[in-house]
Amino acid sequence: MKFLSKLKRLFDPMDLTKGPIAKNILLFAIPIILSLLFQQIYVLTDATIVGKTLSEPEIAGVNNTGSLVFTVLQFGFGCASGFSVIIAEAIGKKDEAKMRSSFYLQILLVSLISLLLTIAGIALIPTLLKALGIVPSPADPVMQKTYESAYTYLAIIYGGILCQLLYNSIVATLRSMGDSFVPFLFLLGSTLLNVALDLLFIIVFSWGVAGSAIATVLSQGLAAAGALVYALCRYPSLRYKKKETTLTGKDVWAHLKNGLPLGFQFSILAIGMIVMQASIIAFDIQPDGTMLASMPAQLGYAAGCKIINLLMVPFSGLGTAFLSFAGQNYGAKQPNRLKEGLKKTALLMFAFWAVLALIGLLLTIRGAYQYLFLSPDKITEESIAFGNVYLYVSVPSLIFLGFLFLLRFTLQGLQKPLWPFLAGMGELAARILICLFLPSLIAGGPISSSVGAIPFIGAALGDPGAWVIAPLLMIIPTVNVIKDFTKQAESEDLRTQTRE
């Protein structure tokens, strides 16, 4: 009975406006971290299946689309995160009517955004690939195959945007409700299904990159449907009530002013990633304009990037958890609790960094991480050199990324999306300037496959440079916003006491 009682408590939503701060934030963050971890495990498993079964051009076609997928999908993900702040505030105020209206408005807005992104994304695939330097080239079989693989993968992923955005919107709502455990279960189920479908579609059916994309869309669609059914069954406060269906322009604007800046911010960041990806590809282009068949820079960077994505999971999870914490305490008018939570979450970031930085650097020994994603025949001294350079500069810099997440989600939770957006612009500028000019400065001339891995340091610094600039731009605004929130809360307390 005790076990069943403890198991049941895992499904109970957490009230983040009460109880021990550090403990509650960590307990709330653990399922989110596990969710993101399993998501990355899927990415790694997918990369392993792709890397060990498909050809180098097909692998590059999938890997190189990462920034393009990020560009379109992250706009929707950012909007969903911004929308969830409204429902978190309503939860803090115990306003069930507002919770319901926000929930259904989010679904409507996400559906409309998905439609627009699908149309725009598919129409712009050739242009987006050209920005990376991937173009149709019948005279260059390697480039042609890379282009065809990338096009196929993007078309399917963009075609299934609704599945992925709807899933993320419902999960964001559940987390705003204080429920981070059930989203983890849905993510776990989706991940396992995704891996199974990958094996079926790629190995058994031989569908290649199309199989990988279809597996992703299908598993996300089923997870979205399950999450929606669960949300409505578990939380009566989210169920449809006809008398409360009237939406005003004020309601729509409240969601858009929080969602759109975060969506644009994420997409803007992706532009910087496209520039960075293009600078990576340049290291595989030979002086005559053809691409190296072994693609050491692209494969090495892609493997290193997957390790960084895995190591950043705890930082992203803590930041996401703090978004709900900040939103609920903003609604409950508890600035002191917010400030204490900010300090303790920062300490947790430091603790995670100390451990993860060591793990990341150990993985560079003899390029051990590359054997996770590539068959041995695709791993070369050059691919290890390129991948290790990226990890050497990025792993120690993860602490700055942690603070970037913390400050961004604090401001977002306090419904101040402008500052994270402006910090995103700074992040974009830093990444573009570093990637466009630093590699050539180090090489002493144009970049090509002949310059080796040392100038690659310039391209690899694109991420750490952006991670440093963005938090610096948000420190002062965060302090000022919290001061204003404190004054506002104190003023309301004084008025309440005066009336009493």
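We count residues from 1, following the sequence as given. Computation of the quantities below employed the complete heavy-atom set of this structure, encompassing side-chain atoms and omitting hydrogens, waters and symmetry-equivalent molecules.
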Measure centre to centre between the rings of Phe403 and Phe400, then say whether the value is under 6.0 Å.
no
Please check this pair: side chain of Glu89 against backbone of Gln328, looking for a donor-acceptor N/O pair closer than 3.5 Å.
no
Show me the side-chain donor-acceptor pairs of residues 21-33 shorter than 3.5 Å, one per line, residues at least two apart or across chains.
| from | atom 1 | to | atom 2 | distance (Å) |
| --- | --- | --- | --- | --- |
| Asn24 | ND2 | Lys18 | O | 2.8 |
| Asn24 | ND2 | Pro20 | O | 3.4 |

Nearest heavy-atom approach of Met349 to Gly402 is CE-O, 3.3 Å
If you compare all heavy atoms of Leu238 against all heavy atoms of Leu232, which two are closest, and at what distance to 0.1 Å?
O-CD2, 3.7 Å
Is there a donor-acceptor pair closer than 3.5 Å between any side-chain N or O of Ser102 and the backbone N or O of Met99?
no
Do Thr118 side-chain atoms and Gly159 backbone N/O form a donor-acceptor pair below 3.5 Å?
no
Leu105 side chain reached by Ile86 side chain, heavy atoms, under 4.5 Å:
no
Any side-chain heavy atom of Leu174 within less than 4.5 Å of one from Phe181?
no
In Asn194, Thr191, Leu192, the residue satisfying side-chain contact (heavy atoms from CB on, under 4.5 Å) with Ser219 is Asn194
Side chain to side chain donor-acceptor pair (under 3.5 Å) pairs touching residues 315-324, sequence neighbours excluded, are none
Could you check whether any side-chain heavy atom of Lys257 comes within less than 4.5 Å of a side-chain heavy atom of Pro417, counting everything from C-beta outward?
no
Glu427 with Arg408: basic N within carboxylate O range, under 4.0 Å
yes
Do Phe83 and Asn258 have side chains that approach each other closer than 4.5 Å (heavy atoms only, starting at C-beta)?
no
For Lys94, the salt bridge (Lys or Arg N to Asp or Glu O under 4.0 Å) test, sequence neighbours excluded, returns Asp15
Write out all pairs satisfying side chain to side chain donor-acceptor pair (under 3.5 Å) with one or both partners inside residues 393-407, taking only residues at least two apart or from two chains.
none
When you compare the side chains of Gln220 and Thr216, does any donor N or O come within less than 3.5 Å of an acceptor on the partner?
no
Under 30°, 30 to 60°, or over 60°: which ring-plane class applies to Phe409 and Phe405, parallel, tilted or perpendicular?
parallel
Would you please test Leu129 and Leu154 for side chain to side chain contact (heavy atoms under 4.5 Å, CB included) and show each step?
CA-CA 10 Å; Leu129 289 175; Leu154 284 175; 3.9 Å; yes
Taking the side chain as every heavy atom from C-beta outward, state whether Leu187 and Pro183 have any atom pair closer than 4.5 Å.
no
Using the side chain to side chain contact (heavy atoms under 4.5 Å, CB included) rule, take Cys79 and Leu260 through it: C-alpha gap first, then chi angles, then the decisive distance, then the call.
CA-CA 5 Å; Cys79 288; Leu260 290 180; 4.0 Å; yes
Residue pairs fulfilling salt bridge (charged side-chain N to carboxylate O under 4.0 Å, His left out) with at least one residue in residues 461-480, sequence neighbours excluded:
Arg431-Asp463
Are there more than 12 heavy atoms of other residues, nucleotides or ligands under 6.0 Å from atom CZ of Phe485?
yes
Take Leu404 and Phe315 through the side chain to side chain contact (heavy atoms under 4.5 Å, CB included) test and state the conclusion after the steps.
CA-CA 9 Å; Leu404 188 161; Phe315 305 110; over 6 Å; no
Nearest heavy atoms of Thr486 and Pro335, plus distance in Å:
OG1-CB, 3.5 Å
Closest heavy-atom pair, Leu356 versus Pro314, reported as atoms and distance to 0.1 Å, is CD1-CG, 3.6 Å
Which side-chain N or O atoms in residues 465-475 pair as donor and acceptor under 3.5 Å with protein atoms at least two apart or in another chain?
none

Would you sort out whether Leu165 and Ser169 count as a side chain to side chain contact (heavy atoms under 4.5 Å, CB included), showing the intermediate values?
CA-CA 6 Å; Leu165 297 197; Ser169 178; over 6 Å; no
Hey, is the main chain of Leu391 close enough, under 3.5 Å, to the side chain of Asn388 for a donor-acceptor pair?
no
Look at the rings of Tyr301 and Tyr390 and say which category their plane angle falls in: under 30° parallel, 30 to 60° tilted, over 60° perpendicular.
perpendicular
If you draw a 6.0 Å radius around CD1 in Ile476, do more than 12 non-hydrogen atoms from other residues or ligands fall strictly inside?
no
